[in-house]
Amino acid sequence: MLSGHMEHRYDPSEIEPRWQRVWAEERTWQVSNDAFDGESSYVLEMLPYPSGEPHIGHLKNYSVGDAVAHFHRRTGRRVLHPMGYDAFGLPAENHAIKTGQHPRESTQQSIESFRRAFHALGMSIDWTRELGTHEPSYYRWTQWIFLQLFHAGLAYRKEAAVNWCPNDATVLANEQVVGGRCERCGAEVEVRQLEQWFFRITDYADRLLDDLATIEWPEHVKTMQRNWIGRSEGAEVVFRCEEVGVDYPVFTTRPDTLFGATFFVMAPEHPDVERLAAGTGQEEEVHRYIAHALTASKEDRGAADKPKTGVFLGRHVVNPVNGERLPMYVADYVLLEYGTGAIMAVPAHDERDFAFAQAYDLPVRRVIEGGDELPYAGDGTLVNSHPDFDGMPNREALGAIVDWLDREGKGHASINYRLRDWLLSRQRYWGCPIPVVHCQQCGVVAVPEEQLPVVLPEIDDYQPKGRSPLAAAEDWVATRCPSCGRPARRETDTMDTFVDSSWYFLRYCDARNHQAAWDPAVINRWLPVDQYIGGVEHAILHLLYARFFVKALKDLGHLDADEPFQKLFTQGMITRDGAKMSKSKGNVISPMPIVERYGADTARAYVLFIGPPDQDADWSDTGVEGMHRFLGRLWRLAAGAAQTLPDEPVPASPGADGLRVLRKAHWAIEKVTNDMAGRFAFNTAIAAVMELINEVTTEKRGDAEPGAVRFALATAASLLFPFAPHVSTDAYHLLTGRRVWEEAWPSADDRFLESDTFELVCQVNGKVRDRVDAPTGASDADLRALAREQPNVQAHIDGKDVVKEIVVPGKLVNIVVRG
RNA sequence: GCGGGCGUGGCGGAACUGGUAGACGCGCGAGGUUUAGGUCCUCGUGGCCACCUGGCUGUGGGGGUUCGAGUCCCUCCGCCCGCACCA
């Protein structure tokens, strides 16, 4: 017997640090930026936001990434696999407000616990590229990128109605407002008119949309981005208010329904509304309505099923297609942000306009046939429109009407986007300073590049006051204009942290470059990221912003890539009893105690084994123990075999029954390789290694060849290495004296995958009645005859007419009988 | 409302182009090792019936295509996620 119970004990607390030391001392995972003949690969997990301790989602994210990195290395690629920290942001600042501890301190503590975790988990990271986005050596280049965009007109300042969180006392990007509330603190968001900094991401709307076709991302993520960009094709049509002599263009996707317009509606925020009502006798009522509409929260106003309200403005516009006078209304179902902030209302063919018309007793005119009742939004033939268009299918009429508008100068084809420019300024302390100066003479002046970084000053009071806490650092704020030299004041807003994380993957490529953000030759060697891995929660924000940055930087000549992330993998959440883990529920599982108790390998392999990594999975304490048992079994078998089995050559041919374990080993190689290369099926890959180990256990009781058993165990260790690197390394080393990470990924020998016989499934009328070993090369006729011979098959066809026989070579025979 | 995804044992989940449903693991049951517990090892484990070879049934419900359906088609039900008055 070669198993030992007591003599070989699996001790991860000894094995794991021992190999981690080797990897650290030999800088095993460090990778050079030099030109390289072979294939390179950039494997990247979303960098952690260092707030508190790592949680179970981090364990899963980085276990997936490390498995991919290892697999890429062992299949012959040079792999860039770096790590860093997204360290600026509100949680650290809020913590500072509460405790008085400097955000840098609490952030640093958290970074250290993340770094300790990555080391304890044995992640194969190139530590020479480590970065924190809060370090001046990093944000110097964040500021540099800002200036590149500023000089190119892609970063600009404007006064706008912006989202304001009263609790965090800062503005928010549209993307950070969820259901009318601040995504961080949950406070109801207000609308304020403020002068803010924006990135002109809308210039890139079409490319951000079109290039989705070139990247290999999950379809649902692409769909979310498409919806977010929200491209609509239609027309801009000019309605003139002759009473005041002003043209009001509207955007519509349905110019085919222009003849059905019966009124006109403007958003309450529209700057002209009060002016229009002035002198009409409606001004009082309009004023009250607007005041009410503007104080209502976004959420209250946003509900689609809310009853429609509005007020007559006392004015009219002329419908350009037929000269009709349409009454103008102000109503809060029209949004200022979308289109022109005004709409033509076609109640017969739009649900919202219909509801409004019903509420205010406005006329409804059908101009498209179809549907049982109004409103009807479908296709049909034009009626009640104009002799030139009546009788036309509406799709056709749509083009014809736009052409007509264009010729008459009353409108033109137009495209509208839901996407807004990215509001990047924040009135908070713990962020990257915006590198500009405000000068009375020269206006907004960029800080010269050689003066970067503009270092975040030290302050005592982090309390938000509606202006940036930086304004309190008077010595810092007071400066000289780089252009005219006169006294000037620094910009006191800081950047949204999403700016920091929109380019960190670029800095990794050349992280220690002090002369530039990166060397273009180096960055082009690595980009785009081959495999990006992270949570779906970043499907819109981070991923869209990063794509915008890369496209803009390409246009400015700083790099060649069109897209940052060629492949994206979004991992599912780990739940506890089906519920999301959260501190408030007290059901949080922390990865580090698991690592301390069972070892890093158990923790890593378990989160990959629990289910398909892109799906949510439920945590099970006993499941972890199962993984620990399996790794222990593997290690003990390897240690036992290394000690007691002679190191004989591996049998070179499949042989007979005694070599089933050898065939199983090659089967496992094939299975694991396919699971890794084709998709991220780590759960079934690990299951295949378990099957192989089970086969070794079974085989051991027979008279297996020692060489075959050793080979099977070494193969199991080799295949398991990406998921449980320490125990695999140790087992492989015990068996072979070699280092598994230096070994090429195994490849299956076809001769061992084939077999002389297979199990023939014998069906009668589609039901399995027997199974029998059949020779692999047997003819269809032979298989049919063999199936018919089986006693239980006979019992079911006896006395009946055989209608048909279906043979699936190598698989089954189905005999169809009647009677 | 629009868009995306999902539904398989007590549980997590397997099943490539239609071809042995339930791999692998957890849990559970029986046995062995052990002074005992734990560890470790062996066997069993969808349900119902027969319990010896076997039979029936079973992948959310109903219907269809097929020699054969978890897989394809229609229909209904349920759950999850994203967006939501976007003109």
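Residue numbering restarts at 1 for every chain, and letters A, B, ... go by the order of the sequence lines.
- Taking the side chain of L812(A) as heavy atoms from C-beta on, and the options G19(B), G25(B), A87(B), the nearest nucleotide is G19(B).
- Neither OP1 nor OP2 of G19(B) sits under 4.0 Å from any side-chain N or O of K811(A).
- Using cut-offs of 30° and 60° for the angle between ring planes, the F264(A) and F239(A) rings count as tilted.
- Here R9(A) does not reach the OP1 or OP2 of U39(B): none of its side-chain N or O atoms lies under 4.0 Å away.
- Contact annotation for G339(A): no contact, since no heavy-atom pair falls under 4.0 Å across all strands.
- Ring planes of F263(A) and Y329(A): perpendicular class, angle over 60° (limits at 30 and 60°).
- With 3.5 Å as the limit, one finds a donor-acceptor pair spanning the side chains of Y289(A) and T309(A).
- Comparing atom distances between the S620(A) side chain and each of C26(B), C83(B), G55(B) picks out C26(B) as nearest.
- Within the 4.0 angstrom heavy-atom criterion, base atoms lie near Q763(A).
- Using a 4.0 Å heavy-atom distance criterion, R231(A) is classed as making no nucleic acid contact.
- For the 3.5 Å distance criterion, the side chains of D675(A) and T684(A) qualify, holding a donor opposite an acceptor.
- Among the nucleotides A15(B), U42(B), C67(B), the one closest to the side chain of T697(A) is U42(B).
- The N683(A) side chain lies nearest to G13(B) when the options are A15(B), G13(B), A21(B).
- Side chain of T223(A), nearest nucleotide from G3(B), A21(B), C83(B): G3(B).
- Among the protein residues, P612(A) comes within range of the sugar-phosphate backbone only, with heavy atoms under 4.0 Å from sugar or phosphate atoms but none that close to a base.
- At the heavy-atom level, D616(A) lies under 4.0 Å from the strands shown only through sugar-phosphate atoms.
- For A23(B) and U59(B), the C1' atoms lie 15 Å apart once the distance is rounded to whole Å.
- Within 4.0 Å of H628(A), counting heavy atoms only, lies no atom of the nucleic acid at all.
- Checked by atom type, the side-chain pair T202(A)/D421(A) shows a donor-acceptor distance below 3.5 Å.
- Among the heavy atoms of the strands, none lies under 4.0 Å from D618(A).
- Using a 4.0 Å heavy-atom distance criterion, N416(A) is classed as making no nucleic acid contact.
- Note on E759(A): a base of the nucleic acid sits closer than 4.0 angstrom, heavy atoms only.
- Among the nucleotides C56(B), C83(B), G19(B), the one closest to any side-chain atom of R769(A) is C56(B).
- Rounded to an integer number of Å, the gap from I229(A) CD1 to C83(B) P is 15 Å.
- Using cut-offs of 30° and 60° for the angle between ring planes, the W422(A) and Y545(A) rings count as parallel.
- OP1 and OP2 of G4(B) both lie 4.0 Å or more from every side-chain N or O belonging to R226(A).
- If you check every strand for non-hydrogen atoms under 4.0 Å, R629(A) touches sugar and phosphate atoms only.
- Of the candidate nucleotides C85(B), G19(B), G55(B), G19(B) has the atom nearest to the side chain of I806(A).
- Within 4.0 Å (heavy atoms only), N674(A) reaches no atom of the nucleic acid at all.
- The side chain of V768(A) approaches A21(B) more closely than any other nucleotide in the set A84(B), C16(B), A21(B).
- Here the nucleotide nearest the side chain of Y338(A), chosen from C41(B), A87(B), A21(B), is A87(B).
- With distances taken from any side-chain atom of Y333(A) to the nucleotides C85(B), C24(B), C67(B), the minimum falls on C85(B).
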